[in-house]
Novice: 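My questions will all concern the structure given below.
Each chain gets a letter, A, B and so on, in the order its sequence line appears, and its residues count up from 1.
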2 protein chains.
Amino acid sequence: MLKVDPTLIKDLKAFSGLEMAELELMLGEAQSSYFAKGDAFFREGERATRFFVLLDGYLQVVRTTENGEQVIMRHFAPGEVFGIAPALQRETYPANAIAVADCVALHWPNKCWEDFASRVPRFLKNAHGAVGERLNASQDRIIEMATEQVERRVARAVVRLVNQAGKKTEHGIRIDIPVSRQDIAEMTGTTLHTVSRIFSAWASLGLVEVGRQKIEVLSAHKLVTIAEGH
Amino acid sequence: MLKVDPTLIKDLKAFSGLEMAELELMLGEAQSSYFAKGDAFFREGERATRFFVLLDGYLQVVRTTENGEQVIMRHFAPGEVFGIAPALQRETYPANAIAVADCVALHWPNKCWEDFASRVPRFLKNAHGAVGERLNASQDRIIEMATEQVERRVARAVVRLVNQAGKKTEHGIRIDIPVSRQDIAEMTGTTLHTVSRIFSAWASLGLVEVGRQKIEVLSAHKLVTIAEGH
DNA sequence: CGAGAAATTGAAAAGATTCAACTCTCGTGG
DNA sequence: CCACGAGAGTTGAATCTTTTCAATTTCTCG
């Protein structure tokens, strides 16, 4: 349980447009927790009791099929709300939320949701906006899976990772979280073998530099060309 | 513009749990319109000005890719809200909504949304619940596309159609809207040829009876077996 | 009855997966 | 400090699924 100052969080997406007084009200009810890499914020099917805002770190939302395959649904960066079952009238969490880097998150018991509905309406609006974006992103991904072949899907996944977790380096942009071939496969609906082959091909074109759980993009432009197919 | 009686709509999903007075209030602000088969309720990217509840008929939500391919995102049956951009802080409609049978829908200008927030809160809750279900359905479909092969995806699509538009017949269940091989292909991310081959195979197993834009399921049980893989 | 849309089907080709063997990297513990 | 073992990655070959191309056929509506 850490102390959090309103000025530190006022620019986060989840809190955008909130008054200082509203932030303080929300912080007054909040708990903040540390989650080590690999920890679960919550698990699929678990009774939803709280909702979260990620302050620092990085997390994955993952669903598992009956036969044990994993599908990475999306990633969250600092500033995003997640686990907002009450916004959707849900009783349970729909997926596993796993820290892929050490994380700090604020969270509130669900009863605060109704509270904030009247006292911090802007927060709810932001959250509903986030839901809309996610629904849209899901649909984009369905279209992608339905119409694009694997190399392009992989390129898009890498572009998204670069946008969400890219750090400039000497020669390009490095993805600042450990991502394995298997992870990319679970993000794109393919196998780690196919991802490995694609990466090898890209590397020999000088497009990326890859290593153990490491991806560095040397030519973002060419990668986008593959992703978007111009 | 048709007159609509509150008792006719009180059992629809979108209005579940509403008081008679609330229904009357909503109907007072509503307009009802007829949409012929093939008409668009709204189009992708269009400025969102109103939200809808389908009273009768059947509609498809379709998105088109840059290179002209269509993907059928979902179908709506009577009783469902759609085009609820204000619930998601959206300015535009995210997709095309096309009547696949003659339809009647209620609709309201967006400004009513804020109104209903305070005066018919239950309606908003229902709508948010619907959004949650749709987000979930989208994610299920992503998983399906990522992990299942075509035959199973087609089987699932047919099962969904049966659930949403199935009519009992002498020997089985007929899908009560015209659905072409191409339509199934756009629902499952494959080609009409592959769908045709799958249907032919199923037909020769006595599982379905298919024809021009016609699907009749003779053994729902076996179809579910293919869909779920038990 | 004719025209056009919808559907079927074979054959070839492409794309991706599966299987299997092997290599590399990194952290740990002797 | 080095060796070793496990996890991560690579790559060839065979195989499988699905698509693509092309030629026909069937159906339905006007």
Novice: Between D:dG9, D:dT10, D:dT18, spot the one nearest the side chain of A:Val210, thanks.
Specialist: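 For A:Val210, the side-chain atoms sit closest to D:dT10.
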
Novice: In whole angstrom, what separates B:Phe199's CZ from C:dA6's P?
Specialist: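 Value for this atom pair: 15 Å.
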
Novice: What's the shortest heavy-atom distance between B:Glu44 and B:Arg63, and which atoms?
Specialist: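 What the structure gives for the nearest pair is OE1-CA, 3.8 Å.
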
Novice: What pairs with B:His107 under ring-ring contact (aromatic ring centres under 6.0 Å, His included), at least two apart in sequence or on another chain?
Specialist: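 Result, ring-ring contact (aromatic ring centres under 6.0 Å, His included) vs B:His107: B:Phe52.
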
Novice: Could you check whether any side-chain N or O of B:Asp39 sits under 3.5 Å from a backbone N or O of B:Ala99, counting only pairs where one atom can act as donor and the other as acceptor?
Specialist: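 It does not hold such a pair.
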
Novice: If the threshold is 4.0 Å, N to carboxylate O, is there a salt bridge linking B:Arg152 and B:Glu144?
Specialist: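 Here B:Arg152 does not pair with B:Glu144 in a salt bridge, since their nearest N and O are not under 4.0 Å apart.
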
Novice: Determine the sole option in A:Phe42, A:Phe82, A:Phe41, A:Phe51 for which the ring-ring contact (aromatic ring centres under 6.0 Å, His included) test with A:Tyr93 is passed.
Specialist: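 For A:Tyr93, the ring-ring contact (aromatic ring centres under 6.0 Å, His included) test succeeds with only one of A:Phe42, A:Phe82, A:Phe41, A:Phe51, which is A:Phe42.
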
Novice: Rounded to the Å, how far apart are A:Glu148 CD and D:dT19 P?
Specialist: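 Rounded to the whole Å, the gap is 14 Å.
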
Novice: In this structure, how many angstroms lie between the P atom of C:dG15 and the CD1 atom of A:Ile198, rounded?
Specialist: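 Going from A:Ile198 (CD1) to C:dG15 (P), I get 12 Å.
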
Novice: Given atom CD of A:Glu209 and atom P of D:dG9, what is their separation to the nearest angstrom?
Specialist: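 The answer, rounded to whole Å, is 15 Å.
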
Novice: Taking OP1 and OP2 of C:dA7, is either one under 4.0 Å from a side-chain nitrogen or oxygen of B:Arg181?
Specialist: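 For C:dA7, OP1 or OP2 has a side-chain N or O of B:Arg181 closer than 4.0 Å.
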
Novice: Go nucleotide by nucleotide along DNA chain C from the 5' end; which of B:Gln182 and B:Arg197 gets its closest nucleotide reached first?
Specialist: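 First, find each residue's nearest nucleotide; the 5'-ward one identifies B:Gln182.
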
Novice: B:Thr190 has a side chain; which of D:dT11, D:dT19, C:dT8 sits nearest to it?
Specialist: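 From the listed options, D:dT19 comes nearest.
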
Novice: For the side chain of A:Arg174 and the backbone of A:Glu216, is there at least one donor-acceptor N/O pair under 3.5 Å apart?
Specialist: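 Answer holds: no.
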
Novice: For D:dG7, does either OP1 or OP2 sit under 4.0 Å from a side-chain N or O belonging to A:Ser180?
Specialist: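 The answer is no; no side-chain N or O of A:Ser180 sits under 4.0 Å from OP1 or OP2.
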
Novice: Nearest whole Å is fine: how far is D:dA8 P from A:Asp183 CG?
Specialist: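 Taking CG of A:Asp183 and P of D:dA8, I get 9 Å after rounding.
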
Novice: Check the phosphate of D:dT11 against A:Ser196, side-chain N and O only, distance under 4.0 Å to OP1 or OP2. Yes or no?
Specialist: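 No.
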
Novice: Between the base of D:dT20 and the side chain of B:His193, is there a donor-acceptor distance below 3.5 Å?
Specialist: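 A donor-acceptor contact between them is absent.
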
Novice: Go through B:Leu12 and B:Leu54 one step at a time and tell me if the side chain to side chain contact (heavy atoms under 4.5 Å, CB included) criterion holds.
Specialist: CA-CA 9 Å; B:Leu12 295 178; B:Leu54 186 64; over 6 Å; no

Novice: I'd like a list of close polar pairs between nucleotides 27-30 of chain D and the protein, N/O only, cut-off under 3.5 Å.
Specialist:
from   : atom 1 : to       : atom 2 : distance (Å)
D:dC27 : O2     : B:Arg212 : NH1    : 3.3

Novice: Determine: side-chain N/O of B:Thr194 to OP1/OP2 of D:dT18, distance under 4.0 Å, yes or no.
Specialist: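 No, outside the criterion.
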
